[in-house]
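To keep things clear, I will list the structure first and then write my remarks on it.
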Amino acid sequence: MKIDSKGNMIVGTTAILIVALLFICIFVVSSINMIENKNTDFKANDNFKYIIDDYSANLEVHGRSAIDKATSKVYNGLPILNSRNQIKNNLNDILDEKNEEYNKKYGVKITSETLSVENTESPWKILFKVRLNVEKDGENFSKIIEKNTSIEGLRDPLPIAKLTVLSGILTYDNQIHYKTALSAYMVLHNLKSPESYIEATAPLIIRKCPYDPYIHHGDEGVLDDCLKNGYFHESADGSCYLCRLEGKGKCPHYGFEVFIQTHTPLKNESLSCSDHVVFADHYNGEKIDSDDMNSLILDSSHRKKYGL
């Protein structure tokens with residue numbers, strides 16, 4: 001059967017169209033597969049990034065837990081000789097548990113190591129450095145993560161670390177009740193007028209004083225509110241939180257101080273009531289108001305600092 005030239009042209013054109021359509025179909029299918037593969041890669045990358053971000057964000061919380069765990073050790077009567085190492089070990093233990101949880105939940109392998117626990121320019125913050133390694137489905141992440149953790153809201157460890165739980169010191173109603181522990185400490189160190197500090201009290205929970213600059217404590221009602229709320233104050237002479245865990249009333253770091261409030265009708269001169277003075281510097285002051293049994297006992301430099 002012969003096909004004329006017109007027929008040959010039709011068959012040829014049809015063949016070309018079929019081949020072109022076939023190529024188009026192959027291209028469309030390939031494009032769809034490529035897009036699906038890219039979407040899968042994007043989802044995998046997003047999931048990997050989420051795991052890293054979530055883990056890193058929680059380091060601040062875990063760091064605070066590690067500090068609180070060290071504080072609990074002090075309150076249970078166990079001394080801490082090196083607070084930085086103690087907190088590092090606490091955080092590593094916490095992270096080891098979290099690494100197992102992430103492995104079970106996300107199928108990701110995480111290794112971590114706390115490199116350092118450091119003071120910062122702010123006495124209210126502790127800096128953690130953690131080396132983090134993450135591996136999942138051929139993807140890898142390795143970095144040293146730095147996080148600042150607040151110590152506000154934690155218990156002040158200094159009184160217990162300094163005097164020990166055997167001294168008779170008590171904690172309740174968000175206050176430290178020294179009972180006779182502080183006066184006995186003063187007798188032991190041959191300090192003047194230890195009877196002034198019988199039944200002395202101080203704040204238990206660390207709260208940063210909002211009245212800054214501190215000279216405003218001389219304004220009407222400010223000191224009363226400060227004492228009522230148990231605020232702590234920045235101080236170059238006061239000890240930092242890490243040293244307070246070790247029972248040091250004074251340290252070379254930028255720290256904070258709190259008033260130890262006496263409740264005595266005596267008008268005699270005694271230790272100035274800033275805690276670093278009571279526990280380390282040992283110099284005297286006088287009552288702000290000699291007729292008030294709850295008056296603070298302060299030296300001239302602290303009166304000037306607080307506008308009193």
Side-chain angles (χ1 to χ4, degrees), residues 152-163 167-189 191-235 237-239 244 249-250 255-308:
E152 290 188 72
L154 298 178
R155 292 169 292 178
D156 182 10
L158 177 59
I160 300 293
K162 189 72 176 179
L163 300 178
S167 65
I169 189 172
L170 299 175
T171 57
Y172 56 88
D173 296 334
N174 284 330
Q175 280 194 320
I176 293 170
H177 296 261
Y178 284 100
K179 300 300 181 181
T180 59
L182 200 49
S183 56
Y185 166 85
M186 292 173 67
V187 169
L188 183 64
H189 289 82
L191 300 172
K192 187 176 181 180
S193 303
E195 63 275 9
S196 298
Y197 279 85
I198 295 175
E199 296 291 340
T201 58
L204 173 63
I205 306 300
I206 294 176
R207 297 185 180 93
K208 180 182 177 182
C209 184
Y211 297 111
D212 192 3
Y214 295 150
I215 197 169
H216 286 301
H217 284 68
D219 298 345
E220 185 177 357
V222 173
L223 179 61
D224 290 340
D225 188 64
C226 179
L227 295 175
K228 179 182 177 181
N229 289 284
Y231 291 135
F232 286 66
H233 308 88
E234 294 187 21
S235 171
D237 296 319
S239 56
R244 294 171 93 89
K250 191 172 184 178
F256 49 85
E257 64 184 354
V258 71
F259 297 129
I260 298 177
Q261 190 170 4
T262 58
H263 307 280
T264 174
L266 301 175
K267 298 180 182 180
N268 55 322
E269 178 186 358
S270 188
L271 281 181
S272 185
C273 71
S274 175
D275 62 346
H276 71 83
V277 178
V278 174
F279 288 126
D281 291 321
H282 300 160
Y283 50 78
N284 287 350
E286 296 179 351
K287 279 188 173 183
I288 297 173
D289 182 352
S290 61
D291 296 324
D292 182 4
M293 67 177 295
N294 296 315
S295 173
L296 296 180
I297 300 174
L298 290 177
D299 56 279
S300 59
S301 62
H302 278 92
R303 288 193 184 196
K304 182 178 180 181
K305 175 179 178 178
Y306 293 99
L308 300 170

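In this chain, residues are counted from 1 in sequence order.
- Counting only heavy atoms from C-beta outward, the side chains of Ile205 and Leu154 never approach each other to under 4.5 Å.
- Listed for the Asn229 side chain is a donor-acceptor partner under 3.5 Å among the backbone atoms of Asp225.
- Ring geometry, Tyr306 versus His302: the interplanar angle falls under 30°, so the pair is classed parallel (tilted spans 30 to 60°).
- Taking a 6.0 Å sphere around CG of Leu170, one finds it holds more than 12 heavy atoms contributed by other residues, nucleotides or ligands.
- Classification of Asp275 and Arg244 as a salt-bridged pair holds, one side-chain N sitting under 4.0 Å from a carboxylate O.
- Classification of the His177-Tyr172 ring pair by plane angle, with boundaries at 30° and 60°, yields parallel.
- Checking Tyr211 against Asp219 by side-chain atom types alone, no donor-acceptor pair falls below 3.5 Å.
- Side-chain atoms of Leu271 and Lys192, non-hydrogen and from C-beta on, never get closer than 4.5 Å to each other.
- Tyr197 is listed as a side-chain neighbour of Val278, based on a closest heavy-atom distance under 4.5 Å.
- Note on residues 200-213: no pairs pass salt bridge (charged side-chain N to carboxylate O under 4.0 Å, His left out), not counting sequence neighbours.
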Step by step, would you call Leu227 with Leu296 a side-chain contact (heavy atoms from CB on, under 4.5 Å)? CA-CA 10 Å; Leu227 295 175; Leu296 296 180; 4.1 Å; yes
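- Of all non-hydrogen atoms in Phe279 and Gly249, the two that sit nearest each other are CB-CA, 4.1 Å.
- In this structure, Tyr178 and Pro159 have side chains that are in contact, with non-hydrogen atoms separated by less than 4.5 Å.
- Here the CD1 atom belonging to Ile260 is positioned 10.5 Å from the CD atom belonging to Glu257, to the nearest 0.5 angstrom.
- No salt bridge links Lys287 with Asp292; every basic N to acidic carboxylate O contact stays at or beyond 4.0 Å.
- The aromatic rings of Phe259 and His233 sit tilted relative to each other, their planes meeting at an angle between 30° and 60°.
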